[in-house]
Amino acid sequence: MLTAEKNRMLTQVGVGTPMGELLRRYWHPVAAASELEKNPIKPVRIMGEDLVVYRDLSGTYGLIARHCRHRAADLAYGYVESRGLRCHYHGWTYDEKGACIAQPFEEKFDPQERLKKKITTPAYPVREKAGLVWAYLGPQPAPLLPDWDIFSWKNGFVQIVFAEVPCNWLQAQENSIDPVHFEWMHENWKMRLEGRTGPYAPTHLKIGFDEFDFGFVYKRVREGADESDPLWTTGRVCLWPNGFFLGEHFEWRVPVDDENMLSVTWSFIRVPKEAEPYEQKRIPAWTSPIRDPRTDRWITSHVINQDIVAWVGQGTIADRAKENLGASDRGVAMLRKQLFKDLDAVADGKDPKGLIRDPARNRNVALPNIGRRLYTEGMTLEQYRAHPFWKNLLDDFRWHYGQPEEVKREFREAMGLD
């Protein structure tokens, strides 16, 4: 358990808060490139700051404050130019560095552009990688945007899924280092939701945790397996500071503010060998609903939707002074301990865990992955249909509820299912 003061330190993410300053040292996914192809402006809120991300007519990305510095019009309703984002109200225009580069009427009466030269708006670096648009809100020099090797894998169908979740980021991230919940929430609870009463899933016999440069690895041994199982020898990755990596997909828990987060899933599915070579032209993105509009209850049919029920069930900000940690929570305790170490490092002017600054270390960075050979070498459609895990992904996107029909069609075409 944590004191109320320590809980606030880990959960408050606004400007000037210890955790807010720590998380601003990392790159965060805030949008999908395909979203900005359809509509080049997207309002975003990240760590308590209201911003707009845009892609101008030259293809340059920008992330600036949401309200115009003239009379606070909403730039989410502006429009992009060959350079920058123009306010719809009086035409003031801002570039990706936050400089005001046009004031149409004022320029007629101020040819020396004295007012324009004084006007700037908050702006942050933006990068596009792997179909995601990433933002960095911290001090310069910025670390490198990680080049995870999965981003370069060939012959794969990728999709990006967002979910807007009304709870603090930390209770979602603590789920990333909690192996035992798989047994109960994703297997036994799913079985009961389907109306069955048994048999229950194999129980956990042993769990372990290792630290590495980019986070922690959790390991497990369950009934019917031993320490030769890849889930023990390799394990799963709690990616630092707010990610989860399961071998073929990432999940990031991006803080919106203290009481809300954006869940971002990046999913890779290798196409069958019969469909190779395959080159994806565009990475689709969609938002998963998390409530059933008919009942107003949380959706429980898919894996991450089940996780969301656990996260929001703790309240918007979990009261960790009331919890009772047990043996299954060793990883949670390790995660919190490392966060406090990182808070001290930032306070001392040092880098926190997991940053990459050396370009030589940032080329196809590999993470522990129990399925690497399968994902990089592939298998036939017949082998897919016989595989205990992958066969479940052929007919349904098991991670999130609500995959749009057009994305489902693109997936089936890529996989050669139609």
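- The pair Glu227-Lys206 meets the salt-bridge criterion, with a side-chain N (NZ, NE, NH1 or NH2) lying under 4.0 Å from an Asp/Glu carboxylate O.
- For residues 368-384, the pairs satisfying salt bridge (Lys or Arg N to Asp or Glu O under 4.0 Å) are Asp149-Arg372, Arg373-Glu377, with sequence neighbours left out.
- Remark: Glu187 engages Arg222 in a salt bridge (charged side-chain N to carboxylate O under 4.0 Å, His left out) (not counting sequence neighbours).
- Arg236 pairs by the salt bridge (charged side-chain N to carboxylate O under 4.0 Å, His left out) definition with nothing, not counting sequence neighbours.
- Within the structure, the ring pair (Phe, Tyr, Trp, His ring centres under 6.0 Å) test picks out no pair touching residues 35-63 (sequence neighbours left out).
- Of the charged side-chain nitrogens involved, at least one lies within less than 4.0 Å of a carboxylate oxygen, so that Arg45 and Asp257 count as a salt-bridged pair.
- The pair Lys273-Glu276 does not meet the salt-bridge criterion, since no charged nitrogen lies less than 4.0 angstrom from a carboxylate oxygen.
- With sequence neighbours excluded, the residues that form a salt bridge (charged side-chain N to carboxylate O under 4.0 Å, His left out) with Glu35 are Lys42.
- Note on Glu49 versus Arg66: no salt bridge recorded, every NZ/NE/NH1/NH2 to OD/OE distance being 4.0 Å or above.
- Residue pairs satisfying the salt bridge (Lys or Arg N to Asp or Glu O under 4.0 Å) criterion with at least one member in residues 242-251, sequence neighbours excluded, are listed as follows: Glu251-Arg253.
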Would you give me the side-chain donor-acceptor pairs under 3.5 Å for residues 342-349, sequence neighbours excluded?
{"from": "Asp342", "atom 1": "OD1", "to": "Gln338", "atom 2": "NE2", "distance (Å)": "3.0"}
{"from": "Asp342", "atom 1": "OD1", "to": "Lys353", "atom 2": "N", "distance (Å)": "3.2"}
{"from": "Asp342", "atom 1": "OD2", "to": "Trp240", "atom 2": "NE1", "distance (Å)": "2.8"}

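- Of the charged side-chain nitrogens involved, none lies within less than 4.0 Å of a carboxylate oxygen, so that Arg220 and Asp229 do not count as a salt-bridged pair.
- Legend: ring pair (Phe, Tyr, Trp, His ring centres under 6.0 Å) pairs involving residues 15-36, not counting sequence neighbours, sorted by first then second residue: Trp27-Tyr136.
- For residues 337-379, the ring pair (Phe, Tyr, Trp, His ring centres under 6.0 Å) pairs, not counting sequence neighbours, are Trp153-Tyr375, Tyr375-Trp390.
- A donor-acceptor pair shorter than 3.5 Å cannot be found between the side chains of Asn168 and Thr11.
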- Apply the test salt bridge (charged side-chain N to carboxylate O under 4.0 Å, His left out) to residues Asp147 and Lys129: give CA-CA distance (whole Å), side-chain angles for both, the deciding distance (0.1 Å), then the verdict. CA-CA 8 Å; Asp147 179 33; Lys129 191 174 191 66; 3.2 Å; yes
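- Applying the side chain to side chain donor-acceptor pair (under 3.5 Å) rule to Arg336 yields the partners Glu174, Glu323; only residues at least two apart in sequence or on another chain are considered.
- Qualifying side-chain contact (heavy atoms from CB on, under 4.5 Å) partners for Asp95, counting only residues two or more places apart in sequence or in other chains: Arg83, Lys97, Ala99, Ile101.
- Residues passing the salt bridge (charged side-chain N to carboxylate O under 4.0 Å, His left out) test with Asp358: none are found, sequence neighbours excluded.
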